Amino acid sequence: MKKVIVLISLGILGFYLIDIFLGIGFGVQHFTAGVKDLYLSNSKDTLKVSNVVTAIVVNFRGFDTLGEVTVLFLASTALGGILYKKRHHVGERSVLFPASRVVMSGAKLLFPSIVLLGAYVFIHGHLSPGGGFQGGTIIATGFLLMLLTYRNYSVSHNRLVYFESLAGILFVSIGLVGYFSKGSFLENVLPVGNMNELFSGGVIGIIYIAVGFKVAAELTGIIYTVLHEKD
Amino acid sequence: MVGSPVLFVAIPLLAAFIIPLTGMMWKNSVRVIPGLVLAFMFFLSISLMGYVNEHGTIVEVLAGWKPPIGINLVFSPFTGFLTTLMTFLGFIVWLYSYKFKRNVDFEPSMKYFMLLMLLVTGSVGIVLTGDIFNMFVFIEIVSISGYGLTSFYTRRDSAEAAFKFLFMGAIASTFLLIAIMIIYSQLGTLNIADIAEKMPMMDHKLKVLSLVFFILAIGVEAEIFPLNGWAPDVYTEAPGPIGAAFAGIVVKAAIYASVRLVYTMYDFSGAFDLFIIIGLITFIMAETTALRQDRLKRMLAYSSIGQMGLVMIAFGIGTKEGVYAALFLMFNHAIIKSLLFFSGSYLVFNKKNKYIKHVNGMGKYLPITSVLFTIGAFAIIGLPPFAGFWSKLAILTAAADNKMVVLIAVILIISILEAVYYLRVVNRIYFYDKKEKTEPKKPSLNALVAMISLGVIVLVIGFYPDLISGILDRAAADLLDKGNYIKDVLTLNK
Amino acid sequence: MDIIILILIVFFAGAVLTAFSEKISTLVQDILFLGTLIVPAILFFTGVEMNTDTIISFNKVPLNLGMTPLSYYFALIVMGLAVLTGVYTVGQMKGKKRKGYFYLNYILSIGAMFGILMSKDLVSFFIFWEIMTWASYLIVIYNGKNVQKIGIKYFVMSAIGAYAMLMAIVLTHSLTGSFLISDLISGFGSWDHGMQILIPVLLLVGFGVKAAIMPLHIWAPDAYSNSPMSYTAIFSGALSKMGVYGMVIVFLALLTKVPEGALIRDIVAWMAAITAAISTLYAIKQDDAKRLLAFSSIGQLGYIVIGVAIGTPMAMLAGLFLAFMHGVFKSTLFMVVGAVEKQTGTTDFTEITGLIRKMPWTFLAALISIIALAGIPPLGGFVGKWMLYESLIQSDHFMLVTLVFFSSTAAFLYCYKILFGFFLGQEEKEWSHVKEAPALMVVPMIILSIISVVLGTFPQLIMKPINAAMTFYGMPDTYGVLWKESMLFNKWGSDIALTPIMYGIMAIFIVVAIFLFFRNRSRTRYVTTKDISTSGEIPKEHENLTFTRGFFQPFLRAVEPVMRKQIDKYMLSFAQGIEDLFEFTRRIYNGNGQSYAIYAMIFLIILLVLGKNLFG
Amino acid sequence: MSILEILGGILLVIGSIFLFLGSLGIYRMPDVFNRLQAGTKASTLGAMATILGVGLLAPGWILKIIIIILFIGYSNPISSHALARAMHKRKAFMYFKGEEIDAYKEIEEKDNTEK
Amino acid sequence: MEKYLNILNIAIYGSAVLLMLIGLYGALTKKSLIKIVLGLSILDSGVHLLMIAIGYLKDGTAPIFSPGNEDKMNIMVDPIPQALVLTAIVIGFGVTAVALSLVIRLYRHHNTLRIDEIKKLKW
Amino acid sequence: MNYIIYFSLTVMILALILSAIRFYKGPSAGDRTLALDTMTTIGVSGIVLLSYMYNRYIYLDVALVYGVLGFIGVIVIARYLEKAL
Amino acid sequence: MKSDYFKKLSFGTKMSRFFMNWIFLMMVWLGFTNSFAPQELLVGVFLTALISFLGIRLFTCCDLSLLHPVRLFNILKFIVVFLIALIKSNLDVARRVLSPSLPINPGIVKFKTKLTKNFAKMVLANSITLTPGTLTIDIVDDTFYIHWIDTLTTNPEEAFKEIAEQFEEILLKIF
Ligand code: NA
Ligand code: NA
């Protein structure tokens with residue numbers, strides 16, 4: 001019964017969605033006076049940022065990104081609260097299931113490179129399809145690898161907090177510097193440099209670095225909390 | 001101008017990021033800083049309200065990009081009113097929960113206050129932002145804070161409540177994204193004013209369908225029937241003050257969003273009727289269900305949903321009087337329902353299931369709390385001379401001016417049910433004997449101050465509604481003047 | 001500062017002070033309480049002038065206050081009773097718990113009644129009306145017995161009434177753009193027809209609840225008997241008159257302007273008459289003095305409403321006159337019961353007997369009030385009832401007059417029951433310790449009794465304000481005219497002739513009463529109830545054989561079919577049915593998060609499918 | 001056509017063929033361990049060759065290409081090994097032509113008794 | 001009618017919508033909390049795909065002015081949906097993480113993952 | 001040269017299909033993971049090839065990151081299959 | 001692992017590891033950026049130094065001694081041997097996969113290694129995995145367990161000779 005209702009509803013919904021989006025069409029642009037071209041040209045000419053998505057994410061719509069960072073921060077905070085237990089102790093399970101020595105050694109060598117890759121990705125966020133979130137995620141997966149292979153490897157909670165907080169503070173502070181010096185929150189205050197050089201795009205790179213650190217710390221925190229949940 | 005709207009978001013976020021650091025050095029800071037920030041936000045909104053009254057709407061540009069390129073914040077009489085209300089309530093909720101039960105544990109209390117602060121920030125963000133996708137982000141901030149706060153008590157069934165909330169919230173946000181993308185695909189912009197201006201260009205069918213998706217998405221947070229299944233659970237299981245925060249802050253923000261859609265972005269008149277229908281069904285369902293509750297907070301929750309239905313009805317009337325009534329109802333509901341949640345929490349404090357019967361005889365043990373609860377109950381059922389009466393009169397007058405006789409009759413009939421279940425509780429407080437052996441918990445000083453200040457507001461507004469009627473008038477006029485909103489944003493009246 | 005506002009401030013500030021002074025001392029509290037009642041009364045009688053306008057304009061909806069002749073008349077009742085009952089209250093409440101709570105609500109309800117009467121616009125009217133309602137509600141549940149049932153019943157009925165009124169008020173506002181009562185009256189004639197019916201009907205529902213007209217009366221017996229008697233005196237004597245006050249305005253000022261007015265008048269009059277008849281029967285049946293008086297009050301209010309509803313000058317006069325009289329004698333009777341309760345701890349006729357010598361002053365007050373109530377000349381009740389009969393006959397309501405006469409006659413039965421149940425009969429050892437009630441309680445009763453007597457003799461004392469009130473709302477000036485034209489007075493020639501006759505009857509009555517009193521006293525033989533044997537059976541210890549039990553059984557058996565159908569049972573089962581329905585519908589919230597999500601999908605589908613229709 | 005381009009083209013062809021062979025092995029082999037054997041070797045070499053081919057075609061990218069190649073050469077055997085170990089611990093189906101030859105069993109039995 | 005015949009249209013939007021519907025179906029009918037959460041994230045992915053598809057421009061290239069691509073502005077796909085989807089993904093991830101942690105809590109509390117057995121809060 | 005690239009891409013797609021069949025058939029979780037891993041490897045090669053085809057150097061980053069995430073994904077699954085999570 | 005972590009490292013060892021790591025990461029960085037632009041190098045130097053410093057205890061396999069010319073030569077030699085084996089192995093796979101009869105005789109064999117360093121064992125294991133017909137299942141202490149697609153022998157010594165000897169020789173010289 002329930003399934004029938006759901007199927008019928010989803011059928012109707014599917015019909016409407018298909019109808020809507022086929023009407024919109026793939027690969028066509030309906031609007032003429034949208035903001036797209038403004039973003040492309042401003043990104044190229046004003047901000048000197050090669051990756052327009054990054055320009056949007058960090059500058060044009062940087063406020064969204066601040067919110068997004070906050071969402072992640074909240075998620076890790078909420079998650080910690082949800083899974084909070086009074087006593088923490090190191091579990092015995094991990095001893096029973098040590099990872100293979102090959103994986104352990106492999107991970108050990110690979111880990112710094114993964115971190116470096118993450119850093120590379122967020123440092124080059126304005127030049128390549130990367131960015132703070134992607135880079136942060138990569139670093140966090142590096143930690144995931146370590147936490148999985150060395151079950152009694154622990155990430156310093158305080159250090160995570162430092163990174164997370166400082167990165168967040170950096171982000172908001174850059175925004176506030178823009179507000180106090182140029183009158184608009186998150187407004188660029190640094191020289192924009194030349195297109196396609198590492199030092200270009202003004203504060204965008206710095207913000208994305210902050211975002212990268214923050215995301216990395218938060219995701220690592222989340223992973224750590226969840227993995228140690230059973231202990 | 002003292003300050004700027006962006007500080008409503010920047011300062012709390014800065015604080016949220018700083019708190020974990022300061023918490024390592026000074027544990028109490030995790031409670032103090034959010035309070036200071038909430039107080040700051042309240043004073044900021046008051047000072048901006050003063051500015052707005054003299055100079056008109058403030059449009060704050062972000063990252064130096066003027067609309068429609070950049071995101072902007074709009075602090076107008078309407079949004080300013082809501083901001084002031086929310087930040088005030090946020091501060092009161094903070095004050096009430098300052099000496100929280102779990103404050104012995106550093107980590108949970110840090111999370112509690114941080115999430116509370118961000119809940120308020122997110123709600124304020126929803127109200128202030130002039131960008132539809134940015135609104136989505138803030139809605140998610142509010143939602144996730146809400147999930148975290150709901151599941152705060154690990155021993156209760158709070159995770160169940162939070163999961164239901166999350167389930168609905170996740171579906172809602174999906175459809176919100178679809179709606180936003182439909183609009184973007186047609187108009188190429190995300191700025192609300194820009195959308196409003198270009199809306200006539202949009203294909204009618206897509207217009208209708210996108211609005212439908214919006215209604216579903218925002219309806220979940222606005223607790224409209226039948227999307228509100230999660231709400232009573234959340235109110236029941238979340239810490240008491242959080243119930244107040246939901247009723248007084250989050251739902252307000254969601255209602256704001258739906259109102260902004262219908263009044264500003266879209267140009268259907270039929271949407272107003274839909275408001276009335278949805279509001280009426282929500283109102284009836286919630287109040288009738290509330291009548292049959294045996295748990296106090298659950299009863300308050302349904303009552304709160306019902307009140308929100310009433311607000312929707314008032315907005316659906318669509319005239320200036322209707323909007324005035326709706327805003328007045330929102331104000332009253334925020335203050336009064338918080339008072340009820342606050343005092344109600346203490347009346348059933350040490351009880352596991354928080355049944356209504358646990359309030360029996362509390363009038364003797366917790367006299368002040370009981371009186372405050374009674375004032376709240378009388379006010380919410382609209383008895384003069386308490387504040388609730390004026391809003392009820394306003395909505396009825398607005399409905400009468402539009403010859404909605406049946407609507408008036410239904411509202412009044414349902415109001416009788418509301419009176420019944422509140423009085424049942426009041427009767428129990430004063431005229432039943434306390435059977436439970438557990439000692440009632442005396443409210444701490446900070447909680448008492450919070451409750452009393454709400455009670456005083458209820459009484460003062462009851463005797464002197466003019467204190468806010470001017471503000472409400474300006475806010476109503478502001479909301480109705482769509483052209484002015486578009487002009488303010490797109491031509492940057494700064 | 002305007003005197004009306006001053007009075008209101010005294011009331012409301014005094015109420016709060018009285019409530020809080022509980023912590024200081026009882027004496028201070030009592031003094032404050034009385035002061036809060038007496039000061040406004042003095043201010044009112046000395047300072048309030050007719051037809052002045054006061055506007056409390058700090059509100060978005062300015063509150064207009066002022067006095068009309070009609071409200072002056074009702075204010076006389078309220079303020080007078082408030083002071084007298086207040087004195088009585090201090091006596092009765094001595095040593096009781098939660099005095100602050102009681103005093104607070106007592107004063108608030110008095111202040112609210114004053115506010116109602118002084119309101120010139122519907123909003124302030126409604127505000128004071130509601131304050132009166134909840135204050136009285138809080139007193140109804142004061143003693144904590146059956147709170148959920150009695151209290152909620154009272155409140156729900158009040159709310160039905162109040163909300164009907166509120167609906168009328170907002171509709172009025174939408175039609176006239178103003179809340180002023182005068183605008184309502186002046187604009188009423190030009191409204192569309194539906195509204196001309198709807199609004200008076202809604203208002204009548206609102207007022208009918210407080211006036212306890214069937215089927216809106218179901219709250220009254222419980223509420224009257226459940227409150228402390230000192231408040232029931234107000235409840236029945238003054239508060240119920242607020243409904244009458246409103247009805248007077250509706251019938252006088254509104255319904256005269258629509259053709260269907262006559263029909264509504266007849267319907268209301270009939271409902272009131274049935275109310276009077278049936279509640280009289282119920283009164284007879286009661287073994288508890290409080291409940292008896294409660295039903296009696298409902299019945300008496302029925303007479304008043306008949307008069308007001310019929311609305312001919314004579315009938316209106318009768319109604320308003322009876323309203324005053326009822327306020328006087330019914331308050332006295334409730335005070336009597338309160339005094340008996342205070343001294344004996346019970347109000348059950350079957351338990352108390354022979355208090356006549358223990359509480360002679362109380363007895364005297366009861367006697368006089370009962371004479372007034374029963375409509376025996378020469379006291380005020382007689383005049384009123386006579387006018388009512390006459391007005392009904394004049395306006396060709398013969399069936400009505402029969403019904404009223406029947407219930408009026410039947411009222412003798414319960415009057416006798418009060419008198420006999422408490423005061424006459426043999427004295428019981430159980431009550432040998434009983435003493436007369438304290439002076440604080442006795443004095444108000446006596447004063448009210450004196451008023452009863454005086455008004456029986458000099459009804460014109462209040463005829464003048466009544467006439468002023470009626471002419472204010474457009475009735476012809478009939479002061480003295482009706483009086484002289486009435487059958488009663490025509491028979492004897494003039495009212496001058498009447499007075500000696502009345503005195504004569506009264507003198508004879510008193511002489512006989514005194515004679516009987518002393519004769520009984522010398523002949524009284526003291527036996528206990530246990531001495532009575534019935535048909536050779538020896539009664540067991542627990543059997544109560546007082547003959548006040550089962551009084552009037554044959555009569556009650558005769559009218560039983562009428563009494564079996566109890567409206568309040570139907571209403572209660574209706575309410576229960578509604579609650580059961582809600583119990584069912586709330587299962588929509590079945591606790592499964594998935595179901596909620598499915599609801600959301602269905603909701604979405606409905607909107608998608610109907611979207612085009614919904615948004616046009 | 002430069003020598004680099006020719007070499008690159010050849011590497012592309014060889015590499016993609018080995019990728020295909022690896023997949024074919026995964027498709028054909030009878031149990032998970034043999035599939036791993038086939039998949040690891042062929043797809044690793046195939047990927048390395050293809051990518052190197054691209055590196056030769058676009059010499060300006062060579063440093064990054066090398067990194068990708070090294071990464072694949074380093075990570076693929078590790079992941080295959082990890083998977084093989086896990087599957088053995090889960091007692092996945094193991095194909096034997098004749099009698100069972102499984103020296104690793106002793107370790108798992110020891111693990112089980114320890115628990 | 002033409003819109004229904006365009007293969008690319010149907011392939012892209014069809015698969016995105018199908019993904020959404022599958023996710024919704026799972027979320028609405030599966031009993032296991034884990035599967036419900038999985039359904040929700042599939043739903044999310046479907047929406048993200050939709051978003052990306054909307055921004056696509058026929059024969060478009062990535063909106064990155066990397067060396068050699070500085071003049072391709074008019075064939076660049078719309079960067080805004082990409083930016084939005086980035087945000088949406090991160091938010092979706094956050095929600096999923098919280099959802100899973102709630103599932104863990106629920107399992108701890110009720111010792112079951114069946115959603116129809118976890119309904120203490122009702123009516 | 002284009003023909004070689006198209007040839008390579010075609011062969012890769014065939015390889016992907018074979019792996020996909022294995023992914024579909026299973027039978028064990030290990031088989032599916034293995035198939036996925038192989039598909040990742042093929043995918044990395046494919047992206048590198050495409051980035052040459054479109055002459056967009058920046059896509060190499062995508063390939064690299066894709067490879068890293070695929071690898072870690074396999075390790076996670078393997079650890080899960082060992083019941084070590 | 002744990003013991004290694006808590007072992008007191010001398011300053012020299014630390015520095016040696018740090019620099020080794022730095023050099024290694026710097027090379028990786030060059031790979032990532034694919035560029036010798038001064039800005040990139042500058043950032044890279046700082047970044048890799050930071051990461052090397054933070055991971056000084058944990059994430060280092062070797063120290064500077066790895067850069068000894070002899071070792072470097074052996075590394076080169078190893079790579080050559082390995083690549084040859086890899087190609088051989090692929091041809092082997094191709095043969096097996098393509099032949100319709102699927103000529104395999106799988107089994108798991110074990111042998112012991114003389115390598116002591118975990119990292120060396122890992123390199124050996126990887127090499128084995130990538131060479132003809134073998135797949136490392138596990139290493140327990142110094143015993144390797146190998147899945148062999150065509151089990152020639154179950155004798156540990158013989159198996160060692162077949163599978164691992166050529167790599168181990170060189171690896172012993174490197175580590
Ligand atoms: Na592999
Ligand atoms: Na791989």
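Just so it is clear: chains get the letters A, B, ... in the order the sequence lines come, proteins before strands, and each one is counted from 1. Owing to the predicted nature of the structure, the values given are computational and were not obtained by experimental measurement.
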Quick check for you: among [options], which has the greatest number of heavy-atom pairs under 4.5 Å with chain D?
{"options": "Ala125(G), Gly107(G), Pro106(G)", "answer": "Pro106(G)"}
{"options": "Met27(G), Met122(G), His147(G)", "answer": "His147(G)"}
{"options": "Thr129(G), Asn105(G), Asp138(G)", "answer": "Asp138(G)"}
{"options": "Leu86(G), Thr33(G), Ile104(G)", "answer": "Ile104(G)"}

Under 4.5 Å from any heavy atom of chain D - which part of [X]:
{"X": "Ser127(G)", "answer": "neither"}
{"X": "Val140(G)", "answer": "side chain"}
{"X": "Phe36(G)", "answer": "side chain"}
{"X": "Thr136(G)", "answer": "both"}
{"X": "Ile146(G)", "answer": "neither"}

Short question: side chain of [X], backbone of [Y] - any donor-acceptor pair under 3.5 Å?
{"X": "Arg28(D)", "Y": "Pro100(G)", "answer": "yes"}
{"X": "Trp29(G)", "Y": "Glu40(G)", "answer": "yes"}
{"X": "Glu168(G)", "Y": "Lys114(G)", "answer": "yes"}

Checklist line | Geometric class of the Phe111(G)/Phe144(G) ring pair [parallel <30°, tilted 30-60°, perpendicular >60°] | finding: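 Answer is parallel, since the angle falls under 30°.
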Check: In terms of the angle between their ring planes, are Phe78(G) and Phe82(G) parallel, tilted or perpendicular, with boundaries placed at 30° and 60°?
Finding: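 Rings of Phe78(G) and Phe82(G): parallel, under 30°.
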Using only heavy-atom distances, determine whether the side chains of [X] and [Y] contain a donor-acceptor pair under 3.5 Å.
{"X": "Lys112(G)", "Y": "Thr143(G)", "result": "yes"}
{"X": "Trp148(G)", "Y": "Thr134(G)", "result": "no"}
{"X": "Asn76(D)", "Y": "Thr44(D)", "result": "yes"}

Next item on the list: Taking only Lys NZ, Arg NE, NH1 and NH2, and the carboxylate oxygens of Asp or Glu, determine whether Arg35(D) and Asp31(D) approach each other closer than 4.0 Å.
Entry: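 Here Arg35(D) does not pair with Asp31(D) in a salt bridge, since their nearest N and O are not under 4.0 Å apart.
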Next item on the list: Could you tell me which portion of Ile67(D) (side chain, backbone, both or neither) has an atom closer than 4.5 angstrom to a non-hydrogen atom of chain G?
Entry: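 For Ile67(D), the side chain is the part near chain G, not the backbone.
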Margin query: With a 4.5 angstrom heavy-atom cut-off, is it the side chain or the backbone of Phe71(D) that approaches chain G, or both, or neither?
Written below: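 No part of it gets close to chain G.
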Notebook entry, point to check: Taking non-hydrogen atoms and a cut-off under 4.5 angstrom, which of residues 6-21 of chain D neighbour chain G?
Noted result: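 Result: Phe18(D), Leu21(D).
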Check: If you tally heavy-atom pairs under 4.5 Å against chain G, which of Met87(D), Gln37(D), His88(D) wins?
Finding: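 It is Gln37(D).
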Item checked: Interatomic distance, Leu45(D) atom CG to Thr40(D) atom OG1 [nearest 0.5 angstrom] ->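 That separation rounds to 12.0 Å.
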Checklist line | side-chain hydrogen bond (donor to acceptor under 3.5 Å, both in side chains) evaluation trace for Lys41(D) with Ser89(G) | finding: CA-CA 7 Å; Lys41(D) 295 174 210 345; Ser89(G) 109; 5.4 Å; no
